[in-house]
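What you see is a predicted model; the values in this text were computed from it and never measured. Worth knowing before you read on, the calculation uses all heavy atoms, side chains too, and leaves out hydrogens, waters and symmetry mates.
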Amino acid sequence: MKKRTWILLAGALGIVAVAAFVTRSSWMGGNASAQGPQRPRTISVEVAKAERKPVPVDVDAIGMVTPISSVALKARLETTIVAVHFEDGAKVNEGDLLFTLDSRQIDAQIEQAEGTLARDRAQLEGAQRDLRRYTDLVGKGATTQVNVDNAKTQSDILIATIKADQAALDNLKVQKSYTLIRAPFAGRISAANVKVGNFLRPADTQPLAVINQMAPVYVTFAIPQRVLVDLREAMAKDGSKVIANIPGHRRSEEGKVAMVENTVDATTGMVTVRGIMDNGNETLWPGTLVSTKLIIRTENSVVVPTIAVQRSQNGNYVFVVRDGAAKVQPVKVDRTSQGVSVISEGLSGDESVVTDGQLLLSDGTRVEPRPRKAGA
């Protein structure tokens, strides 16, 4: 009897447990139903505005600074250096005296030529007096015509001799001018390769020094042949501009296109372009490699930060924020430069596009803009 009672008690407890499990939602105080359906997830993202503004059509290239004028100074006489009148690497002006050469031998030759010229001029005066005298006498019948003709011949000979003497003297004076070497134009001079006392000859291969013109200067670079037509049209309208910047420095120089090479390199498909820069502050140094930007024209276009543009199998797209949700917007990117992309199709400007957090988004995801990070 006692055993049967225990069995009935255990069965009753089991029934109670099953009933409690089935009705757990009611006796748990209704917490499960209080939660209700979950709200859509909201993603925190950074956004930026698509802008319509003037954007330059440009081409980036690596260029080299070359001087417009460069001259290697050489001696034109066999002589020695008497004085050097500049400091190595100094800035010189046109006409500045740079070297003085020994001119004593030429000075002596000039004095000798001047003496010869003076002698021949005196002889010419005597011959002309004889000619006048014989001319008077032949009119009176006191001498023969032969004497007159001989006197005229002698006078003509001396006239020619004097011309030769004058030419020789002028030549020596030109040779004397070679002993003073002056700057042919303004620029920077290199270190002097010779010093006072060195013997010079015209056959020497090493120049005395080299002068490079510093302002203005050329910047030479190459561009793809596909932009050649646009560049020539811009040059005809005087609308092209060249900006040269030394890598690692903020200072730059602006100029314009001075020349386009008359042929395209068949091996590379590139054409050489030369820009001319004022370079008044001597920012650009001959031989320096510079980053060049050739601005062909300016167009009014829609731009967005490049980090906003995403790529998929169907092409480029951006997430546009409308009414608190991210919408996928296909776009066509025309070009990218300096962290911004020019959008030719898909945006009209003034849209808000997502620039950070795109990996968590899909079409229609609820988003909440957050402040941009410092330095972004």
Is a side-chain N or O of N93 found less than 3.5 angstrom from the main chain of G95, in a donor-acceptor match? no

Would you check if the side chain of N212 reaches a backbone N or O of P67 as a donor-acceptor pair within less than 3.5 Å? no

Looking at OG1 of T161 and CZ of R121, how far apart are the two atoms once the value is rounded to the nearest 0.5 Å? 12.5 Å

If we ignore hydrogens and angles and just use 3.5 Å, is the side chain of K241 paired with the main-chain N or O of I295 as donor and acceptor? no

Residue pair E94 / P184: nearest heavy atoms and the distance that separates them: CG-O, 3.5 Å

Between D265 (side chain only) and T267 (backbone N and O only), is there a donor and an acceptor less than 3.5 Å apart? yes

Nearest 0.5 angstrom please: M259 CE to M235 CE, how far? 9.5 Å

Taking the side chain from S352 and the backbone from V321, do they hold a donor-acceptor pair closer than 3.5 Å? no

To the nearest 0.5 angstrom, please state how far the CG atom of D102 sits from the OG1 atom of T179. 8.5 Å

Run the salt-bridge test on D204 and R201 with the 4.0 Å N-O cut-off and return the result as yes or no. yes

Please answer whether the main-chain N or O of T365 pairs with a side-chain N or O of S362 as donor and acceptor at a distance below 3.5 Å. no

Under a 3.5 Å distance rule, please check whether Q112 uses its side chain to pair with a backbone N or O of I110 as donor and acceptor. no

What heavy-atom pair brings V290 and I246 nearest, and what distance separates the two atoms? CG1-CG1, 4.1 Å

Say whether, by atom type as modelled, one donor and one acceptor occur between the side chain of T306 and the main chain of G339 under 3.5 angstrom. yes

Between E351 (side chain) and S348 (backbone), is there a donor-acceptor pair under 3.5 Å? yes

Is it true that K176 and D107 have a side-chain N and a carboxylate O under 4.0 angstrom from each other? yes

Taking the basic N atoms (NZ, or NE/NH1/NH2) and the acidic carboxylate oxygens, is any pair closer than 4.0 Å for R119 and D165? no

